[in-house]
Every structure is written in structure tokens, then in C-alpha cells.
Amino acid sequence: MTRLERVADTRNDTGEGPLWHPDEGCLYWVDIPPGKLYRFDPDTEAHTLAYEAPDDQPIGGFTVQTDGSLLLFGDGRISRWQPGSESAELVAGVDADTRFNDVIADPEGRVFCGTMPGEDSLGDLYRVDVDATVTAVVEDVDIANGMGFSGDGETFYFTESEAHRIYAFDYDRATGELSNRRTFVETPDDEIPDGLTVDEDDYVWSARWNGGRAVRYDPNGTPVDQITVPARKVSSVTFAGPEYDDLYLTTALDGGDRDGEGDGAGALFRVAGLETGGREEFRSRIETE
């Protein structure tokens, strides 16, 4: 029997990017606009503010490096942060007018990262290779969002939120090239697909901004299950824990209040008792020196 728990009532403006850190046995996630990185320890059921970016810089997402440090993707800048440190060091950047939004490492340690639309242009999806070179791989994206890989590494999922679509691409692990884009899921106009994860059965879980839920799809794109949350804006989802058998969901207040956005808006939730679990996410290995 599934059980939904509110485990951190942080009232985040835009909680996002939850990711399990296996070395520390804890979950990290961000509140994007104020650039806050949070840490939740399931052993103690306690959460802390682990890091805050200087000068009101946002943090759009992060990856865990092979050495256990975190790569933080901010306002066009990529920085390396060692857990416990008070500062982060600049690694690379892109020539973009907007911040990053959602990132993921691939099986070879590359990173895919999207940027938000600006006043006069849409965003793009970039690939950061291990030598820290940055290449645009999908251009003119109307809010780059949730990404994931199939278990065999041959399919890459990518969300374009304002198009209300999740795409599937053929993925070349050797080169990092994307090809054969097709629509995997198209969502209703009143629900915006946000962050996603792929479970151990190769089913895709998609968080729903303004939908108050996360939806599970089989590999053909058919909805088969959902988790409802007391927050309108469910922003992202991941499996975590030593066995990757708990599902965590981030939510957002988005400048609103709980009267309009739901009693749990901005909190971190956990779902236990699911019949499926997840896999350890890939680690980035971007050169930082």
C-alpha cells in the first residue's frame, strides 16, 4: 500500500531537481530563484540548507560528479561545489541570456542541460562533454525540462514544457548524439509536463505543473498510474534511498500562497510502498581543472 508523506516543509518558491547522493545517503534538491540547495537525510528525517548561491544567483539544477562533488547549473554558469563548502568554483558557461533549467548526466559522464526562454528568443538544450566543451543540441525550446534515459541507454527522454510534450530520441552513447525525435507523450492544455524520471521497469514518471500529480507511463506512452499531491505545481520526481525504492516529489509555491496553490505547495514529499523502484542516476565527470 502506498503512503504519501510530507518530509520537508520548506515552502520553496520553485522546488526542483531532486537527486539522491549515494555517497552521503541523502537527497539534495534546489529552490531555483533564490539559489538554495537543500539536503534531506532519511535516517534522521531532517533537512538542512546545504548551500546558498551568492548575489541572488539561481540554481536551475545539478549533477553529482564521480568524486562526490556537485556541479551547479546557474545563470549561464556551471560551478563545482564540494559538500560542506561555503563557496563554489566556476567550471564553464554558455553564452545565454537566461538561466539553466533541469539537467542530467549521461552514462559516459556528459551532461545535458537546458536554458529558459528569454524576452526575444526561446531556450536551447546543451550537451557538456567531459572536457567541459558546450554544444547546443536542440534549439528553440519553449522551456527545457525533465530528462531521462531508458535502461539500455538507447533512448533519451526530454520534456518541452510549454509545447506540452515529452519527446523520445534515439541516443548514441559513444558520441552523445541525439536523433529520430518523436513525441512520446502529449499532455492536456491545462497540465504542463515538468521533471521526470525513468523507473527500473523502464516506465516514465512525469511531474505535472498545475496538475497536482505525477503520472506514470509505460514504454509506449500509455498512462498506467498516478500519484496525487496536495500542491498544484508538482515540479519534479526521482527515486531515492539505499534501494531506490522511495519516490520523492518536489513542489512549488511559485510566488503564490497555499490558499491557491495547495496545502503542501513548496514542500518535499516522499511516496513509499510502490511496486516499482528506480536506478542510481548517472554521475557527471566533467573536467574541472
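Along the sequence shown, residues are numbered consecutively beginning with 1. Keep in mind that what you see is a predicted model, and the values were worked out from it rather than measured.
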Under the side-chain hydrogen bond (donor to acceptor under 3.5 Å, both in side chains) criterion, do Asn12 and Trp29 qualify, and how do the steps go? CA-CA 10 Å; Asn12 294 152; Trp29 79 101; 2.9 Å; yes

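His21 contributes a side-chain N or O that, together with a main-chain N or O of Gly68, makes up a donor-acceptor pair within less than 3.5 Å. Put simply, the side chain of Asp131 gets close to the backbone of Thr133: a donor and an acceptor are under 3.5 Å apart.
In this model, a donor atom of one side chain and an acceptor atom of the other lie less than 3.5 Å apart for Arg99 and Asn101. Under the 3.5 Å distance criterion, with hydrogens and angles disregarded, no donor-acceptor pair is assigned to the side chains of Asp202 and Ser150.
Salt bridge Glu154/Arg173: absent, no basic N to carboxylate O contact under 4.0 Å. Ion pairing of Asp106 with Arg285 is absent here, as no side-chain N (NZ or NE/NH1/NH2) approaches a carboxylate O to less than 4.0 Å. A salt bridge is defined here as a Lys NZ or Arg NE, NH1 or NH2 lying under 4.0 Å from an Asp or Glu carboxylate O, and Asp129 with Arg110 meets this definition.
Scored by the side-chain contact (heavy atoms from CB on, under 4.5 Å) test, Arg3 finds Glu5, Ala272 as partners (sequence neighbours excluded). Judged as a salt bridge (charged side-chain N to carboxylate O under 4.0 Å, His left out), and not counting sequence neighbours, Glu281 has no contacts. Judged as a side-chain contact (heavy atoms from CB on, under 4.5 Å), and not counting sequence neighbours, the contacts of Glu280 are Pro22, Tyr244, Arg283. Shown here are the side-chain contact (heavy atoms from CB on, under 4.5 Å) partners of Thr98, two or more places apart in sequence or in another chain: Thr115, Met116. Every residue meeting the side-chain contact (heavy atoms from CB on, under 4.5 Å) condition with Glu52, not counting sequence neighbours, appears here in chain and number order: Lys36, Leu49.
The aromatic rings of Tyr28 and Phe62 stand perpendicular to each other, their planes meeting at an angle above 60°, with 30° marking the opposite boundary. By the 30° and 60° cut-offs, the orientation of the rings of Tyr217 relative to Phe184 is perpendicular. Ring-plane geometry between Phe149 and Phe156 is classed as tilted, the angle between the planes lying from 30 to 60 degrees on a 0 to 90 degree scale.
At least one side-chain heavy atom of Tyr248 sits under 4.5 Å from a side-chain heavy atom of Val7.
Atoms CG and OG, on Asp140 and Ser121 in that order, are 8.0 Å from each other to the nearest 0.5 Å. Atom OG in Ser79 sits 6.0 Å away from atom CG in Leu72 (nearest 0.5 Å).
In this structure, Arg181 satisfies the cation-pi test against Tyr167, with its NZ or CZ atom closer than 6.0 Å to the six-membered ring centre and inside 45 degrees of the ring normal. The cationic atom of Arg216 (NZ for Lys, CZ for Arg) lies less than 6.0 Å from the six-membered ring centre of Tyr203 and within 45° of the ring axis.
Residue pairs that meet the salt bridge (Lys or Arg N to Asp or Glu O under 4.0 Å) test with at least one member in residues 66-75, sequence neighbours left out, are Asp67-Arg80.
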